[in-house]
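First up is the structure itself, then whatever we jot down about it.
Chain A is the first sequence line, chain B the second, and so forth, proteins listed ahead of strands; every chain is numbered from 1.
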Amino acid sequence: MSTLYSPNCSFSVNDSRLATSFSISSSESQDSQQRITVSSLPKRFHRQNLYLHSPRNQRRNAVRMEKGEVAATASFPANETPMTRFKDELLKIKSSEECKDVAGFDNEESAVTITVVGASGDLAKKKIFPALFHLYYEDCLPKHFTVFGYARSKMTDEEFRNMVSKTLTCRIDKRENCSEKMDEFLRRCFYHSGQYDSEENFVELDKKLREQEGGRISNRLYYLSIPPNIFIDAVRCASSSASSVNGWTRVIVEKPFGRDSESSAALTRGLKQYLEEDQIFRIDHYLGKELVENLSVLRFSNLIFEPLWSRQYIRNVQLIFSEDFGTEGRGGYFDHYGIIRDILQNHLLQILAIFAMETPVSLKAEDIRNEKVKVLRSMKPLLLENVAIGQYKSHTRGGITYPAYTDDKTVPKGSRTPTFAAAALFIDNARWDGVPFLMKAGKALHTKRAEIRVQFRHVPGNLYNKSFGTDLDQATNELVIRLQPDEAIYLKINNKVPGLGMRLDNSHLNLHYAARYSKEIPDAYERLLLDAIEGERRLFIRSDELDVAWELFTPVLKEMEEKKIIPEYYPYGSRGPVGAHYLAAKYNLRWGDMYV
Amino acid sequence: MARCYSRSSSATFLLPSSFKHEERISGRMLVLGRRYTTLIFRSYPSFHSRKQFEFKFSNGYPLNAVSLPDGLIGNSSTEEPFENRVEDGSVLLLEPGKAKSTLSITVVGASGDLARKKIFPALFALFYEDCLPEHFTIFGYGRSKMSDEELRNKISKTLTGRIDKRENCSDKMDQFLQRCFYYSGLYDSEENFSELDKKLKQKEGGRLPNRLFYLSIPPNIFVDVVRCASRCASSANGWTRVIVEKPFGRDSESSRELTRCFKQYVTEDQIFRIDHYLGKELVENLSVLRFSNLVFEPLWSRNYIRNVQLIFSEDFGTEGRGGYFDNYGIIRDIMQNHLLQILALFAMETPVSLHAEDIRNEKVKVLRSMRPLQIDDLIIGQYKGHLSGGKSYLGYTDDPTVPNDSLTPTFAAAALFVDNARWDGVPFLMKAGKALHNKGAEIRVQFRHVPGNLYKRNFGTDLDKATNELVIRVQPDEGIYLRINNKVPGLGMRLDRSDLNLLYKARYPKEIPDAYERLLLDAIEGECRLFIRSDEVDAAWALFTPLLNELEERKIAPELYPYGSSGPVGARNLAAKYNVRWGDLSDEDS
């Protein structure tokens with residue numbers, strides 16, 4: 001499997017026979033990746049990189065059909081309505097059980113250290129520490145684990161714990177033991193202050209890590225929650241001075257992964273000087289969202305969707321992301337990137353690739369990522385004429401004045417950075433030829449949501465088309481997968497309005513997560529952190545994926561900058577610029593979210 | 001449309017001249033489909049409708065016109081309620097010539113159970129919702145002596161039905177009862193029917209009379225009544241139609257004989273054979289689902305569908321009313337008509353249009369493509385007494401109206417096959433029974449398993465449990481749901497079966513009209529889409545008659561099952577023979 005990205009990987013040997021030398025509990029471990037990577041480059045973390053994917057990985061990908069759930073809907077409810085029945089039979093899976101499923105390993109001999117580089121940053125506080133705590137709370141972390149904060153500011157361990165504790169919350173569904181667990185968790189948190197480019201400081205960190213590891217096999221995960229300009233420095237220092245000697249070392253990198261093809265390639269090159277491809281975990285937290293994960297389940301474990309999943313039945317696909325707030329004083333980073341780089345080129349394009357990919361050979365990371373790359377490589381680079389950009393302007397409503405983007409103090413006055421973009425992309429392969437994939441993302445819009453909308457073609461020779469008139473679009477089926485908020489899947493169907501006449505309406509076949517599943521849905525970061533700890537790369541972005549993704553967007557981004565294209569202004573809190581509608585109309589489409 | 005049954009009527013010339021009107025009413029475009037005039041010339045002497053001038057008109061929205069209201073596209077939960085066609089502010093459309101016409105509905109067998117429980121309440125509901133023409137009269141006809149007042153008293157008790165809580169109900173009820181009359185007479189007396197005719201004429205007051213006879217009487221007197229009504233009480237210049245209730249015979253021969261006798265007195269298009277299951281909301285919706293959605297039709301074949309299950313169950317037995325039933329049995333009572341009709345609608349090819357004859361043509365094609373049912377593919381059962389919770393339930397043969405040694409099945413399960421290109425090899429499983437543990441009717445479509453399923457590891461050998469299933473629940477608690485495999489939210493990768501759900505109660509706040517309302521209205525409007533044509537009845541009997549004869553000749557004893565159980569084990573074995581499980585029993589299996 002690793003040979004698939006051999007262009008980036010200098011020399012790797014894949015030998016499953018080595019499996020016999022380790023203690024393997026699962027008979028399936030032949031296909032788990034027992035692997036030795038021998039590298040000839042000098043500056044590597046571990047020249048001999050020994051991976052042991054313990055059986056938990058298998059379990060992770062293994063699918064279990066819940067027996068009790070099959071019976072969920074009885075045929076003829078005598079007294080109870082299906083609604084109440086659902087409520088009664090909401091799935092109550094104990095999360096610890098679930099995690100045993102996931103983390104069925106407990107190697108007494110190994111320790112995992114998670115070092116959050118940039119521990120005082122916003123992301124660390126809001127997402128990473130809470131996610132780690134939840135994983136701990138649900139028994140998903142290995143027995144011996146330590147969390148290290150690393151940043152420039154001086155802080156004691158106690159101060160650090162204080163800071164972290166403020167960010168920790170307990171899940172609503174399991175409040176018991178929470179403070180106890182929190183204390184236990186905090187006791188495993190340490191802080192080390194140092195410069196991001198100082199090897200010395202990292203050597204000190206290494207010492208501290210060793211102390212905590214106490215002679216066990218050490219596995220180390222670095223989470224780079226720092227600005228992109230210091231990515232390489234931190235990676236260099238961590239790799240040369242604080243990498244694991246006998247276990248694995250992995251690095252999680254957050255976006256932005258460059259701002260165009262060249263800078264992204266340079267970044268990758270930089271990372272590769274110190275890391276192997278399979279040590280780099282490029283996080284795209286949208287891929288950790290429950291319903292994005294479910295996308296493949298829907299397609300590949302149901303008979304009824306896959307036959308429809310092509311140009312023959314699908315008229316267009318819409319990927320929609322909207323925020324109902326602007327930059328709000330934090331526009332410094334954003335202004336340098338803009339909405340296309342910030343949302344379209346990564347999050348939405350990744351979802352598109354998963355949506356459109358062919359059936360992979362298996363659910364293994366490389367098989368899936370291979371298929372995703374194929375989709376991206378089949379796509380035409382985005383054309384300027386297929387993009388509409390916008391920027392929000394100030395708007396007064398109900399006595400409140402909302403600021404324009406350029407009113408933000410952190411944004412240059414004359415900024416042309418788009419805060420809204422709509423684009424039409426095409427995949428030139430047999431499955432999707434001619435099907436527009438519309439993307440739309442914007443800040444300061446009227447709603448907050450992310451969803452995938454699949455609009456089907458109209459029924460050929462529709463018997464009931466008399467009164468649909470020219471508006472056949474309104475009568476098409478639509479599959480909507482709402483990623484957030486209020487996760488749901490629904491299929492719009494034409495249905496007869498009950499009554500003596502023959503009127504049709506659009507009704508929904510509905511699956512509302514809140515009504516069906518009582519458990520809280522874990523945050524994307526929890527899933528992704530756990531995956532990184534387990535070495536499951538399925539949801540992380542491989543270098544070649546990233547390259548192709550940039551190739552699609554770089555030309556148009558350059559052109560926009562060269563031509564100094566001015567975004568269309570739209571009022572704060574509106575539905576976005578009209579240009580998005582024209583773009584859809586050009587392909588004879590409508591945005592599905594505009595009807596609600 | 002009428003040309004399609006020329007096969008069965010000897011010398012009929014039908015000159016359909018149909019045209020469409022479009023009229024703008026209150027700002028909304030209505031397509032008044034298929035208002036046509038049919039002239040029928042007949043050379044038979046005894047036919048009363050020698051010249052039948054037939055105006056199909058509908059109040060408000062015509063049945064076949066479809067309108068998709070704007071603004072309905074939004075969220076299901078937040079949408080405003082829908083209104084029935086007839087309450088849409090729309091509308092009695094009285095056409096110029098139409099104001100002069102009048103409708104008389106004669107319920108023959110007015111004191112019977114069906115009339116009281118279903119027909120009169122349905123007529124009242126139609127009246128309440130302004131679906132009946134301006135001038136209409138209702139006549140009860142029966143042998144018992146009764147005054148008009150007595151009839152009104154009798155029916156007023158059962159009238160309210162689904163609309164008892166609405167405003168004006170009692171006003172409306174009085175108005176309705178004023179239009180109800182009773183005439184007592186014998187079912188085979190032409191004299192009595194002549195007198196009825198006089199009374200009808202009196203009420204019609206010189207307007208163009210249209211007459212509808214509803215035969216709510218035992219089958220042995222069907223023909224007598226039709227003869228008398230046709231000869232002595234049919235409309236002179238309007239239309240005359242006869243609604244007939246099941247049973248339509250008890251095998252091919254008797255059914256054919258019945259049809260032959262009918263045809264002596266009425267033409268095919270005057271006969272409205274009612275199958276009230278076809279009037280059920282979700283059975284009507286079956287075609288809408290298939291033909292107005294893109295997502296279902298591609299799946300609607302042997303390529304994707306593994307089997308189809310048609311399930312009917314009642315949670316009570318004959319309860320002292322087994323006299324009629326014992327002569328017919330569950331196969332004739334439920335399977336050969338209700339379930340088979342649903343099957344035909346389910347499996348038919350796309351019709352040329354939504355016109356009655358086009359649809360019925362397709363249904364007949366399905367029935368004619370089917371293999372006659374084999375005895376190996378059938379299991380029968382009969383409920384026996386059962387003690388549960390300190391209460392004892394009587395067995396079927398304990399019913400005093402049932403012979404002690406009766407072999408009549410109260411439960412049957414069958415596997416049928418449609419030998420055409422679309423359905424070759426797909427078992428259509430039917431199951432119907434009395435005195436079971438639950439009550440309902442549903443259609444279950446089980447899809448095949450996913451070929452090369454990536455997620456199959458832990459499905460193990462039980463791939464069946466992982467298949468998709470589309471369930472259309474006809475009653476009670478109307479709903480449609482599609483079972484899909486879904487990831488259980490959480491960090492692991494576990495799948496479950498969740499439902500994409502459309503529960504009518506939650507989506508449509510309005511009550512769903514009773515099947516009889518729809519069917520009566522259709523009969524009044526001459527819309528015969530939901531009524532069974534003679535050749536359909538023939539084809540349906542052809543499938544079941546050989547088997548029924550064999551059962552009787554060989555005196556095959558039904559398997560006994562306890563009252564209130566899920567039926568005999570044989571049903572499971574039958575399903576297992578085709579490697580199928582009953583969808584409604586899955587909770588017990590798992």
**Request:** Report yes or no: does B:Asn485 contribute a side-chain atom to a donor-acceptor pair with the main-chain N or O of A:Asn302 at less than 3.5 Å?
**Result:** no

**Asked** Using a cut-off of under 4.5 Å for heavy-atom pairs, which of A:Arg457, A:Glu306, A:His512, A:Glu487 has the most such pairs with chain B?
**Response** A:Arg457

**Message:** For the CG atom of B:Leu454 and the OG atom of A:Ser301, what is their distance to the nearest 0.5 Å?
**Reply:** 9.0 Å

**Item:** Minimal non-hydrogen separation, B:Leu500 against A:Leu491, with atom names
**Value:** CD1-CB, 4.5 Å

**Prompt:** Between B:Asp499, B:Leu482, B:Ile484, which is the residue that forms a side-chain contact (heavy atoms from CB on, under 4.5 Å) with A:Leu511?
**Reply:** B:Ile484

**Prompt:** Who passes ring-ring contact (aromatic ring centres under 6.0 Å, His included) against B:Tyr304, sequence neighbours left out?
**Reply:** none

**Asked** Which one of B:Asn285, B:Leu282, B:Val288 satisfies the side-chain contact (heavy atoms from CB on, under 4.5 Å) criterion with A:Asn495?
**Response** B:Asn285

**Item:** B:Thr350, part contacting chain A, at a heavy-atom distance under 4.5 Å
**Value:** side chain

**Prompt:** Would you say A:Arg527's side chain and B:Gly492's backbone share a donor-acceptor pair under 3.5 angstrom?
**Reply:** no

**Item:** Region of B:Val352 in contact with chain A, defined by heavy-atom distances below 4.5 Å
**Value:** backbone

**Message:** Could you check whether any side-chain heavy atom of B:Asn486 comes within less than 4.5 Å of a side-chain heavy atom of A:Ile489, counting everything from C-beta outward?
**Reply:** yes

**Request:** Select one option (side chain, backbone, both, neither) describing which atoms of A:Leu308 are under 4.5 Å from chain B's heavy atoms.
**Result:** side chain

**Prompt:** Rounded to the nearest 0.5 Å, how far does CG of B:Leu502 lie from OH of A:Tyr490?
**Reply:** 14.0 Å

**Asked** Quick one: are A:Phe300 and B:Val450 in side-chain contact, heavy atoms under 4.5 Å?
**Response** no

**Complete:** On a heavy-atom basis, the closest approach of B:Leu491 and A:Leu135 is CD1-CD2, 3.5 Å

**Asked** Shortest non-hydrogen contact from A:Leu303 to B:Pro451?
**Response** CD1-CD, 3.7 Å

**Prompt:** Taking every heavy-atom pair that is under 4.5 Å apart, which of A:Gly461, A:Ser296, A:Gly288 has the most such pairs with chain B?
**Reply:** A:Ser296

